[in-house]
Amino acid sequence: MNLTLRIWRQAGPDAPGSMTTYQVSGISPDMSFLEMLDTLNEELITRGDQPVAFDHDCREGICGACGMVINGQAHGPERTTTCQLHMRHFRDGDTIDVEPWRAAAFPVVKDLVVDRSAFDRIIGSGGYITAPTGSAPEAHATPVPKEAADTAFEHAECIGCGACVAACPNGSAMLFTSAKVVHLNVLPQGAPERAARVRNMVSAMDAEGFGGCTNTGECATACPKGIPLPSIAAMNREFLRAARG
Amino acid sequence: MTTATRTARHPSTLATLWRSTVGKKAVMAVTGLVMLLYLVAHMLGNLKVFFGPDDINGYAAWLRTIGQPFLGHEWFLWIARLALLASVVLHGVSAYQLSRRDLAARPSKYVHQRRRASYATRTMRWGGVILGLFVVWHILDLTTLTVNPVAEHGHVYQNIVGTFGRWYSDVIYIVAMLALGFHIRHGFWSAAQTLGANNARRDRALKLTANGLALLLTAGFLSVPVAVMTGVVK
(Lines give C-alpha, C1' and ligand atoms only; values in the text may rest on other atoms or scores of the structure.)
Protein backbone atom coordinates (compact mmCIF):
# COMPACT_ATOMS: atom_id res chain seq x y z
CA MET A 1 0.00 0.00 0.00
CA ASN A 2 1.11 3.56 -0.74
CA LEU A 3 -0.16 6.21 1.63
CA THR A 4 -0.01 9.95 2.18
CA LEU A 5 0.36 10.83 5.85
CA ARG A 6 -0.29 14.24 7.31
CA ILE A 7 1.23 14.18 10.78
CA TRP A 8 1.27 16.80 13.52
CA ARG A 9 4.92 17.75 14.10
CA GLN A 10 5.81 19.80 17.16
CA ALA A 11 9.42 20.00 18.38
CA GLY A 12 8.60 20.65 22.04
CA PRO A 13 5.89 21.68 24.51
CA ASP A 14 6.17 25.39 23.71
CA ALA A 15 7.19 25.12 20.06
CA PRO A 16 4.56 25.85 17.39
CA GLY A 17 3.32 22.76 15.57
CA SER A 18 1.92 22.05 12.14
CA MET A 19 0.76 19.21 9.93
CA THR A 20 3.60 17.81 7.80
CA THR A 21 3.01 15.60 4.77
CA TYR A 22 4.91 12.33 4.22
CA GLN A 23 4.65 9.60 1.59
CA VAL A 24 5.07 5.98 2.66
CA SER A 25 5.17 3.01 0.32
CA GLY A 26 5.42 -0.74 0.64
CA ILE A 27 2.98 -0.88 3.58
CA SER A 28 1.47 -4.32 4.15
CA PRO A 29 -2.27 -4.45 5.00
CA ASP A 30 -1.31 -6.78 7.87
CA MET A 31 0.84 -4.14 9.57
CA SER A 32 -0.51 -2.39 12.62
CA PHE A 33 -0.81 1.40 12.49
CA LEU A 34 2.23 1.67 14.76
CA GLU A 35 4.29 -0.63 12.51
CA MET A 36 3.37 1.64 9.62
CA LEU A 37 4.69 4.61 11.65
CA ASP A 38 7.83 2.56 12.48
CA THR A 39 8.38 2.13 8.73
CA LEU A 40 8.06 5.87 8.23
CA ASN A 41 10.44 6.55 11.12
CA GLU A 42 13.09 4.16 9.74
CA GLU A 43 12.97 6.12 6.51
CA LEU A 44 13.17 9.46 8.34
CA ILE A 45 16.16 8.28 10.40
CA THR A 46 17.96 7.03 7.26
CA ARG A 47 17.40 10.43 5.68
CA GLY A 48 18.77 12.09 8.81
CA ASP A 49 15.40 13.61 9.79
CA GLN A 50 13.80 13.57 13.24
CA PRO A 51 11.54 10.52 13.64
CA VAL A 52 7.89 11.09 14.60
CA ALA A 53 7.58 10.78 18.39
CA PHE A 54 4.63 8.66 19.57
CA ASP A 55 3.80 6.77 22.76
CA HIS A 56 3.62 2.99 22.66
CA ASP A 57 4.40 0.13 25.01
CA CYS A 58 2.68 -3.27 25.09
CA ARG A 59 1.43 -3.21 21.49
CA GLU A 60 -1.23 -5.73 22.44
CA GLY A 61 -4.07 -3.37 23.37
CA ILE A 62 -3.85 -3.50 27.15
CA CYS A 63 -1.54 -0.70 28.30
CA GLY A 64 -3.25 2.38 26.86
CA ALA A 65 -0.01 4.13 25.88
CA CYS A 66 -0.54 4.47 22.13
CA GLY A 67 -2.96 7.35 21.83
CA MET A 68 -3.38 9.35 18.63
CA VAL A 69 -6.25 10.83 16.69
CA ILE A 70 -6.48 9.29 13.21
CA ASN A 71 -8.72 11.07 10.68
CA GLY A 72 -10.45 12.92 13.50
CA GLN A 73 -11.18 9.77 15.50
CA ALA A 74 -9.39 8.71 18.67
CA HIS A 75 -7.50 5.45 17.86
CA GLY A 76 -8.81 5.62 14.29
CA PRO A 77 -11.78 4.07 12.50
CA GLU A 78 -11.96 0.81 14.47
CA ARG A 79 -13.01 0.59 18.10
CA THR A 80 -9.64 -0.54 19.40
CA THR A 81 -6.27 0.84 20.43
CA THR A 82 -3.94 2.25 17.76
CA CYS A 83 -1.56 -0.72 18.14
CA GLN A 84 -4.41 -3.11 17.33
CA LEU A 85 -5.61 -1.07 14.35
CA HIS A 86 -4.45 -2.72 11.14
CA MET A 87 -3.69 -1.08 7.83
CA ARG A 88 -6.28 -3.30 6.11
CA HIS A 89 -8.87 -0.80 7.37
CA PHE A 90 -7.41 1.79 5.00
CA ARG A 91 -7.27 1.79 1.21
CA ASP A 92 -4.24 2.06 -1.03
CA GLY A 93 -3.66 5.73 -1.88
CA ASP A 94 -5.49 7.06 1.21
CA THR A 95 -4.49 10.31 2.88
CA ILE A 96 -4.43 9.84 6.65
CA ASP A 97 -4.40 12.68 9.20
CA VAL A 98 -2.61 11.87 12.47
CA GLU A 99 -2.86 14.28 15.41
CA PRO A 100 -2.15 14.12 19.14
CA TRP A 101 -4.90 14.04 21.81
CA ARG A 102 -6.20 17.61 22.07
CA ALA A 103 -7.07 18.83 25.58
CA ALA A 104 -5.84 21.61 27.84
CA ALA A 105 -5.17 19.00 30.53
CA PHE A 106 -3.08 16.89 28.11
CA PRO A 107 -0.31 19.25 26.91
CA VAL A 108 1.71 18.10 23.89
CA VAL A 109 5.23 16.99 24.84
CA LYS A 110 6.43 16.31 21.30
CA ASP A 111 4.70 15.43 18.01
CA LEU A 112 2.03 12.87 18.96
CA VAL A 113 3.13 12.45 22.58
CA VAL A 114 0.98 14.15 25.23
CA ASP A 115 1.43 14.35 28.98
CA ARG A 116 -1.34 12.29 30.55
CA SER A 117 -0.13 12.57 34.15
CA ALA A 118 -3.36 14.47 34.97
CA PHE A 119 -4.96 11.00 34.94
CA ASP A 120 -2.39 9.76 37.46
CA ARG A 121 -3.26 12.62 39.79
CA ILE A 122 -6.97 11.79 39.53
CA ILE A 123 -6.20 8.17 40.43
CA GLY A 124 -3.92 9.38 43.24
CA SER A 125 -6.82 11.32 44.76
CA GLY A 126 -8.94 8.24 45.40
CA GLY A 127 -8.68 5.57 42.71
CA TYR A 128 -7.52 2.90 45.15
CA ILE A 129 -8.52 1.15 48.36
CA THR A 130 -6.71 2.10 51.57
CA ALA A 131 -5.95 -1.33 52.98
CA PRO A 132 -2.86 -3.05 54.25
CA THR A 133 -1.38 -5.10 51.43
CA GLY A 134 0.23 -8.45 51.93
CA SER A 135 -0.45 -11.91 50.62
CA ALA A 136 -3.62 -12.29 48.57
CA PRO A 137 -6.69 -12.66 50.82
CA GLU A 138 -8.78 -15.82 50.70
CA ALA A 139 -11.18 -15.31 47.78
CA HIS A 140 -14.28 -16.35 49.74
CA ALA A 141 -13.53 -14.07 52.70
CA THR A 142 -15.52 -11.20 51.16
CA PRO A 143 -18.60 -12.32 49.23
CA VAL A 144 -19.26 -10.14 46.15
CA PRO A 145 -22.67 -10.35 44.43
CA LYS A 146 -22.37 -11.53 40.82
CA GLU A 147 -23.92 -8.35 39.42
CA ALA A 148 -21.49 -6.15 41.38
CA ALA A 149 -18.54 -8.28 40.25
CA ASP A 150 -19.63 -7.97 36.61
CA THR A 151 -20.01 -4.18 36.87
CA ALA A 152 -16.62 -3.87 38.59
CA PHE A 153 -14.92 -5.98 35.90
CA GLU A 154 -16.58 -4.02 33.11
CA HIS A 155 -15.23 -0.76 34.55
CA ALA A 156 -11.85 -2.15 35.55
CA GLU A 157 -11.22 -2.66 31.83
CA CYS A 158 -10.36 1.06 31.50
CA ILE A 159 -6.69 1.33 30.48
CA GLY A 160 -6.47 5.10 30.96
CA CYS A 161 -5.57 5.76 27.31
CA GLY A 162 -7.37 9.11 27.26
CA ALA A 163 -9.42 8.48 24.11
CA CYS A 164 -12.50 9.70 26.00
CA VAL A 165 -10.86 13.07 26.68
CA ALA A 166 -9.57 13.29 23.10
CA ALA A 167 -13.00 12.57 21.62
CA CYS A 168 -14.99 14.83 23.96
CA PRO A 169 -15.71 18.30 22.51
CA ASN A 170 -15.20 19.64 26.05
CA GLY A 171 -12.01 17.69 26.79
CA SER A 172 -13.84 16.10 29.71
CA ALA A 173 -12.46 13.23 31.79
CA MET A 174 -15.85 12.13 33.12
CA LEU A 175 -15.82 8.67 31.50
CA PHE A 176 -12.32 7.89 32.78
CA THR A 177 -13.14 9.09 36.29
CA SER A 178 -16.48 7.30 36.34
CA ALA A 179 -14.85 4.04 35.25
CA LYS A 180 -12.62 4.07 38.32
CA VAL A 181 -15.27 5.39 40.74
CA VAL A 182 -17.83 2.78 39.65
CA HIS A 183 -15.24 -0.03 39.60
CA LEU A 184 -14.35 0.53 43.27
CA ASN A 185 -17.66 1.86 44.62
CA VAL A 186 -19.71 -1.21 43.68
CA LEU A 187 -17.37 -3.56 45.53
CA PRO A 188 -17.61 -4.23 49.28
CA GLN A 189 -13.87 -3.49 49.56
CA GLY A 190 -14.47 -0.01 48.16
CA ALA A 191 -17.56 0.75 50.24
CA PRO A 192 -15.95 2.39 53.32
CA GLU A 193 -14.31 5.12 51.22
CA ARG A 194 -17.18 5.40 48.76
CA ALA A 195 -18.21 9.01 49.49
CA ALA A 196 -14.72 10.43 49.94
CA ARG A 197 -13.51 8.69 46.77
CA VAL A 198 -16.07 10.25 44.44
CA ARG A 199 -15.78 13.69 46.09
CA ASN A 200 -11.98 13.73 45.88
CA MET A 201 -11.74 12.28 42.39
CA VAL A 202 -14.31 14.71 40.93
CA SER A 203 -12.53 17.57 42.65
CA ALA A 204 -9.13 16.41 41.31
CA MET A 205 -10.64 16.05 37.83
CA ASP A 206 -11.99 19.63 37.95
CA ALA A 207 -8.66 20.95 39.28
CA GLU A 208 -6.79 19.52 36.27
CA GLY A 209 -8.77 21.74 33.89
CA PHE A 210 -10.83 19.04 32.17
CA GLY A 211 -14.18 20.26 30.85
CA GLY A 212 -17.59 19.21 32.09
CA CYS A 213 -19.92 16.62 30.62
CA THR A 214 -22.53 17.75 28.09
CA ASN A 215 -23.69 14.20 27.41
CA THR A 216 -22.63 14.13 23.78
CA GLY A 217 -21.65 10.46 24.14
CA GLU A 218 -18.48 10.87 22.05
CA CYS A 219 -16.36 9.36 24.87
CA ALA A 220 -18.19 6.06 25.07
CA THR A 221 -18.17 5.76 21.27
CA ALA A 222 -14.39 6.23 21.20
CA CYS A 223 -13.54 4.04 24.23
CA PRO A 224 -11.52 1.03 23.03
CA LYS A 225 -12.63 -0.90 26.12
CA GLY A 226 -16.34 -0.20 25.83
CA ILE A 227 -16.87 1.67 29.09
CA PRO A 228 -20.59 2.52 28.72
CA LEU A 229 -22.03 6.05 28.83
CA PRO A 230 -24.42 5.28 31.76
CA SER A 231 -21.24 4.93 33.89
CA ILE A 232 -21.18 8.72 33.99
CA ALA A 233 -24.75 8.67 35.33
CA ALA A 234 -23.63 6.17 37.97
CA MET A 235 -20.79 8.48 39.04
CA ASN A 236 -23.17 11.46 39.12
CA ARG A 237 -25.43 9.40 41.40
CA GLU A 238 -22.49 8.60 43.67
CA PHE A 239 -21.41 12.25 43.73
CA LEU A 240 -24.87 13.62 44.56
CA ARG A 241 -25.23 10.98 47.28
CA ALA A 242 -21.83 11.93 48.72
CA ALA A 243 -22.60 15.67 48.54
CA ARG A 244 -25.72 15.15 50.66
CA GLY A 245 -23.81 13.30 53.38
CA MET B 1 0.62 0.60 66.12
CA THR B 2 -2.08 2.51 64.34
CA THR B 3 -3.00 6.08 64.89
CA ALA B 4 -6.31 7.61 64.01
CA THR B 5 -6.58 11.13 62.71
CA ARG B 6 -9.84 13.01 62.53
CA THR B 7 -10.74 13.62 58.92
CA ALA B 8 -11.30 17.23 57.93
CA ARG B 9 -14.89 18.41 57.71
CA HIS B 10 -16.03 18.77 54.16
CA PRO B 11 -17.87 21.88 52.88
CA SER B 12 -21.65 22.19 52.86
CA THR B 13 -23.76 20.36 50.29
CA LEU B 14 -24.61 23.52 48.33
CA ALA B 15 -20.99 24.70 48.20
CA THR B 16 -19.84 21.24 47.07
CA LEU B 17 -22.46 21.25 44.33
CA TRP B 18 -21.86 24.77 43.06
CA ARG B 19 -18.07 24.40 43.00
CA SER B 20 -17.93 21.17 40.99
CA THR B 21 -18.78 20.62 37.34
CA VAL B 22 -20.95 17.65 38.30
CA GLY B 23 -22.90 19.64 40.91
CA LYS B 24 -23.38 22.67 38.68
CA LYS B 25 -24.71 20.39 35.99
CA ALA B 26 -27.16 19.00 38.58
CA VAL B 27 -28.35 22.58 39.20
CA MET B 28 -28.97 22.88 35.45
CA ALA B 29 -30.82 19.56 35.43
CA VAL B 30 -33.15 20.45 38.33
CA THR B 31 -33.90 23.98 37.09
CA GLY B 32 -34.44 22.57 33.59
CA LEU B 33 -36.95 20.05 34.91
CA VAL B 34 -38.78 22.78 36.87
CA MET B 35 -39.14 24.80 33.66
CA LEU B 36 -40.18 21.69 31.72
CA LEU B 37 -42.96 20.92 34.22
CA TYR B 38 -44.17 24.50 33.92
CA LEU B 39 -44.13 24.24 30.12
CA VAL B 40 -46.35 21.14 30.16
CA ALA B 41 -48.94 23.04 32.25
CA HIS B 42 -48.54 26.15 30.05
CA MET B 43 -49.03 24.19 26.83
CA LEU B 44 -52.15 22.42 28.15
CA GLY B 45 -53.56 25.78 29.27
CA ASN B 46 -52.92 27.26 25.82
CA LEU B 47 -55.12 24.62 24.20
CA LYS B 48 -58.15 26.27 25.86
CA VAL B 49 -57.96 28.78 23.01
CA PHE B 50 -59.71 26.13 20.88
CA PHE B 51 -62.75 26.23 23.20
CA GLY B 52 -63.39 29.89 22.51
CA PRO B 53 -62.75 33.31 24.11
CA ASP B 54 -64.84 32.70 27.27
CA ASP B 55 -62.99 29.49 28.08
CA ILE B 56 -59.42 30.77 27.87
CA ASN B 57 -60.20 34.22 29.30
CA GLY B 58 -61.97 32.53 32.22
CA TYR B 59 -59.01 30.19 32.66
CA ALA B 60 -56.62 33.16 32.76
CA ALA B 61 -58.78 34.86 35.39
CA TRP B 62 -58.91 31.64 37.45
CA LEU B 63 -55.08 31.43 37.42
CA ARG B 64 -55.09 34.67 39.45
CA THR B 65 -57.34 33.19 42.11
CA ILE B 66 -55.40 29.96 42.84
CA GLY B 67 -54.88 29.46 46.56
CA GLN B 68 -57.53 31.98 47.64
CA PRO B 69 -58.47 32.76 50.33
CA PHE B 70 -55.22 31.42 51.86
CA LEU B 71 -53.24 33.37 49.25
CA GLY B 72 -54.13 36.83 48.03
CA HIS B 73 -55.11 37.77 44.48
CA GLU B 74 -52.32 36.80 42.01
CA TRP B 75 -50.05 35.58 44.84
CA PHE B 76 -49.75 32.10 43.39
CA LEU B 77 -48.92 33.56 40.00
CA TRP B 78 -46.14 35.69 41.48
CA ILE B 79 -44.72 32.77 43.48
CA ALA B 80 -44.61 30.74 40.25
CA ARG B 81 -43.01 33.66 38.40
CA LEU B 82 -40.31 34.03 41.06
CA ALA B 83 -39.57 30.28 41.01
CA LEU B 84 -39.32 30.41 37.21
CA LEU B 85 -37.12 33.49 37.29
CA ALA B 86 -34.77 31.80 39.77
CA SER B 87 -34.70 28.70 37.53
CA VAL B 88 -33.92 30.69 34.38
CA VAL B 89 -31.14 32.64 36.12
CA LEU B 90 -29.53 29.58 37.75
CA HIS B 91 -29.85 27.58 34.51
CA GLY B 92 -28.30 30.37 32.45
CA VAL B 93 -25.49 31.24 34.86
CA SER B 94 -24.53 27.56 35.24
CA ALA B 95 -24.62 27.07 31.46
CA TYR B 96 -22.45 30.15 30.92
CA GLN B 97 -19.86 29.14 33.54
CA LEU B 98 -19.73 25.51 32.40
CA SER B 99 -19.50 26.49 28.73
CA ARG B 100 -16.59 28.84 29.41
CA ARG B 101 -14.84 26.00 31.18
CA ASP B 102 -15.61 23.50 28.41
CA LEU B 103 -14.25 25.79 25.71
CA ALA B 104 -11.08 26.41 27.71
CA ALA B 105 -10.57 22.67 28.17
CA ARG B 106 -10.26 22.21 24.39
CA PRO B 107 -8.20 25.23 23.29
CA SER B 108 -6.94 23.84 19.97
CA LYS B 109 -9.25 22.17 17.49
CA TYR B 110 -8.44 19.08 15.44
CA VAL B 111 -7.25 19.78 11.93
CA HIS B 112 -9.30 16.83 10.68
CA GLN B 113 -12.83 17.89 11.63
CA ARG B 114 -15.70 15.49 11.70
CA ARG B 115 -19.33 15.97 12.64
CA ARG B 116 -19.86 15.14 16.29
CA ALA B 117 -23.03 14.32 18.23
CA SER B 118 -26.63 14.95 17.19
CA TYR B 119 -28.09 18.26 16.00
CA ALA B 120 -29.99 18.70 19.28
CA THR B 121 -26.80 18.17 21.30
CA ARG B 122 -24.71 20.55 19.23
CA THR B 123 -27.29 23.35 19.39
CA MET B 124 -27.88 23.34 23.17
CA ARG B 125 -25.88 26.53 23.81
CA TRP B 126 -27.20 28.72 20.98
CA GLY B 127 -30.63 27.14 21.28
CA GLY B 128 -30.64 28.17 24.94
CA VAL B 129 -29.70 31.75 24.03
CA ILE B 130 -32.52 31.85 21.43
CA LEU B 131 -34.99 30.59 24.05
CA GLY B 132 -33.80 33.20 26.57
CA LEU B 133 -34.34 36.01 24.06
CA PHE B 134 -37.69 34.53 23.10
CA VAL B 135 -38.88 34.58 26.74
CA VAL B 136 -38.19 38.34 26.85
CA TRP B 137 -40.20 38.90 23.64
CA HIS B 138 -42.97 36.58 24.83
CA ILE B 139 -43.40 38.44 28.14
CA LEU B 140 -43.45 41.81 26.36
CA ASP B 141 -45.98 40.43 23.89
CA LEU B 142 -48.47 38.46 26.00
CA THR B 143 -47.83 39.31 29.66
CA THR B 144 -47.07 43.04 29.81
CA LEU B 145 -48.69 43.47 26.35
CA THR B 146 -46.08 46.16 25.57
CA VAL B 147 -45.63 45.03 21.95
CA ASN B 148 -49.07 43.44 21.51
CA PRO B 149 -51.28 45.05 18.80
CA VAL B 150 -54.52 44.48 20.79
CA ALA B 151 -53.13 44.85 24.32
CA GLU B 152 -56.28 44.46 26.39
CA HIS B 153 -55.64 43.10 29.89
CA GLY B 154 -57.80 40.09 30.67
CA HIS B 155 -58.65 39.51 27.00
CA VAL B 156 -56.17 36.70 26.41
CA TYR B 157 -58.00 35.31 23.38
CA GLN B 158 -58.08 38.65 21.57
CA ASN B 159 -54.40 39.32 22.38
CA ILE B 160 -53.41 35.91 21.00
CA VAL B 161 -55.35 36.43 17.77
CA GLY B 162 -53.81 39.90 17.55
CA THR B 163 -50.19 38.82 17.91
CA PHE B 164 -50.41 35.89 15.53
CA GLY B 165 -51.99 38.07 12.88
CA ARG B 166 -48.49 39.52 12.29
CA TRP B 167 -46.13 37.47 10.12
CA TYR B 168 -42.98 38.30 12.13
CA SER B 169 -44.63 37.24 15.37
CA ASP B 170 -45.50 33.89 13.77
CA VAL B 171 -41.91 33.46 12.60
CA ILE B 172 -40.52 34.27 16.08
CA TYR B 173 -42.84 31.78 17.78
CA ILE B 174 -42.25 29.01 15.23
CA VAL B 175 -38.44 29.34 15.37
CA ALA B 176 -38.47 29.48 19.17
CA MET B 177 -40.74 26.44 19.53
CA LEU B 178 -38.55 24.38 17.17
CA ALA B 179 -35.53 25.42 19.27
CA LEU B 180 -37.49 24.39 22.36
CA GLY B 181 -38.15 20.95 20.89
CA PHE B 182 -34.47 20.35 20.20
CA HIS B 183 -33.50 21.73 23.62
CA ILE B 184 -35.86 19.31 25.38
CA ARG B 185 -34.87 16.37 23.16
CA HIS B 186 -31.31 16.52 24.47
CA GLY B 187 -32.05 18.28 27.75
CA PHE B 188 -34.51 15.84 29.30
CA TRP B 189 -32.35 12.77 28.73
CA SER B 190 -29.27 14.74 29.74
CA ALA B 191 -30.94 15.80 33.00
CA ALA B 192 -31.68 12.15 33.80
CA GLN B 193 -28.05 11.28 33.10
CA THR B 194 -26.80 14.21 35.22
CA LEU B 195 -29.04 13.37 38.18
CA GLY B 196 -27.88 9.76 38.04
CA ALA B 197 -31.32 8.44 37.09
CA ASN B 198 -30.06 6.78 33.91
CA ASN B 199 -28.68 3.27 33.58
CA ALA B 200 -28.24 0.77 30.74
CA ARG B 201 -31.78 -0.58 31.16
CA ARG B 202 -33.55 2.80 31.27
CA ASP B 203 -31.49 4.55 28.58
CA ARG B 204 -33.84 3.77 25.67
CA ALA B 205 -37.00 4.58 27.60
CA LEU B 206 -35.56 7.92 28.74
CA LYS B 207 -34.55 8.87 25.18
CA LEU B 208 -38.03 7.95 23.92
CA THR B 209 -39.63 10.03 26.69
CA ALA B 210 -37.38 12.97 25.79
CA ASN B 211 -38.41 12.73 22.12
CA GLY B 212 -42.07 12.35 23.10
CA LEU B 213 -42.00 15.40 25.38
CA ALA B 214 -40.16 17.46 22.75
CA LEU B 215 -42.69 16.55 20.04
CA LEU B 216 -45.71 17.02 22.29
CA LEU B 217 -44.65 20.44 23.56
CA THR B 218 -43.55 21.75 20.16
CA ALA B 219 -46.72 20.53 18.47
CA GLY B 220 -48.95 21.75 21.32
CA PHE B 221 -47.43 25.23 21.42
CA LEU B 222 -47.32 25.58 17.62
CA SER B 223 -50.97 24.55 17.24
CA VAL B 224 -52.03 28.01 18.49
CA PRO B 225 -50.19 30.24 15.96
CA VAL B 226 -50.98 27.73 13.20
CA ALA B 227 -54.68 27.84 14.14
CA VAL B 228 -54.68 31.65 13.96
CA MET B 229 -52.75 31.62 10.66
CA THR B 230 -55.20 29.18 9.10
CA GLY B 231 -58.26 30.94 10.48
CA VAL B 232 -59.37 28.12 12.79
CA VAL B 233 -59.06 30.57 15.68
CA LYS B 234 -60.13 34.13 14.83
Side-chain angles (χ1 to χ4, degrees), chain A residues 6 8 17-19 69-73 96-100 102-105 108 165-174 177 195-196 198-200 202-203 205-206 208-218 221 228-245, chain B residues 2 7-8 10-26 28-30 94-95 97-118 120-122 124-125 186-187 189-203 206:
Chain A
R6 294 197 301 174
W8 182 263
S18 64
M19 299 295 272
V69 171
I70 301 160
N71 285 342
Q73 282 181 289
I96 306 172
D97 289 334
V98 192
E99 298 172 73
R102 293 283 185 204
V108 173
V165 175
C168 177
N170 311 322
S172 173
M174 288 284 278
T177 311
V198 68
R199 260 202 314 268
N200 294 340
V202 166
S203 145
M205 175 186 85
D206 284 348
E208 292 295 339
F210 289 107
C213 180
T214 49
N215 298 309
T216 65
E218 292 290 336
T221 309
L229 191 58
S231 301
I232 293 179
M235 178 169 78
N236 290 336
R237 191 158 58 237
E238 287 292 309
F239 183 84
L240 295 175
R241 184 178 176 273
R244 280 200 302 271
Chain B
T2 53
T7 48
H10 47 82
S12 73
T13 303
L14 283 177
T16 309
L17 290 180
W18 191 251
R19 278 178 208 159
S20 80
T21 52
V22 176
K24 205 163 274 182
K25 201 73 206 276
M28 286 193 71
V30 171
S94 304
Q97 292 181 350
L98 286 169
S99 297
R100 288 268 312 238
R101 197 193 154 85
D102 293 346
L103 294 173
R106 170 57 74 67
S108 38
K109 304 271 165 268
Y110 288 108
V111 175
H112 191 111
Q113 290 283 337
R114 158 184 99 73
R115 180 171 292 179
R116 286 160 193 277
S118 68
T121 308
R122 284 183 282 124
M124 284 308 273
R125 285 172 189 150
H186 178 76
W189 171 81
S190 187
Q193 177 86 356
T194 301
L195 295 174
N198 193 18
N199 61 35
R201 265 182 301 254
R202 285 188 209 149
D203 197 54
L206 281 167

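Residue numbering restarts at 1 for every chain, and letters A, B, ... go by the order of the sequence lines. Here the structure is a predicted model, which means the values were calculated and not measured.
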Which atoms of [X] are under 4.5 Å from chain A, going by heavy atoms: the side chain, the backbone, both sets, or neither?
| X | value |
| --- | --- |
| B:Leu195 | both |
| B:Lys24 | neither |
| B:Gln113 | neither |
| B:Ala120 | neither |
| B:Arg100 | neither |

Inset, instruction - Taking all heavy atoms of B:Ser20 and all of A:Phe239, pick out the closest pair and write down the distance. - result: OG-CZ, 3.2 Å
Side chain, backbone, both or neither: which part of [X] has a non-hydrogen atom closer than 4.5 Å to chain B?
| X | answer |
| --- | --- |
| A:Leu229 | both |
| A:Ala166 | both |
| A:Thr216 | both |

Inset, instruction - Let me see the working for B:Thr121 and A:Asn215 under side chain to side chain contact (heavy atoms under 4.5 Å, CB included), right down to the final yes or no. - result: CA-CA 8 Å; B:Thr121 308; A:Asn215 298 309; over 6 Å; no
Inset, instruction - Please name the residue in the list B:Leu17, B:Thr16, B:Thr194 that meets the side chain to side chain contact (heavy atoms under 4.5 Å, CB included) test with A:Leu240. - result: B:Leu17
Inset, instruction - State whether the side chain of A:Asn236 and the backbone N or O of B:Gln193 hold a donor-acceptor pair below 3.5 Å, judged by distance alone. - result: yes
Legend entry - CZ (B:Arg125) with more than 12 external heavy atoms under 6.0 Å: yes
Legend entry - For A:Arg237, side chain to side chain donor-acceptor pair (under 3.5 Å) partners two or more places apart: none
Legend entry - Max heavy-atom pair count under 4.5 Å with chain B, selected residue of A:Gln73, A:Arg241, A:Met235: A:Gln73
Inset, instruction - Would you mind telling me which of A:Ala104, A:Pro169, A:Pro230, A:Ala233 has the largest number of heavy-atom pairs within less than 4.5 Å of chain B? - result: A:Ala233
Inset, instruction - Scan side-chain atoms only and decide if B:Thr21 and A:Asp206 contain a donor-acceptor pair under the 3.5 Å cut-off. - result: yes
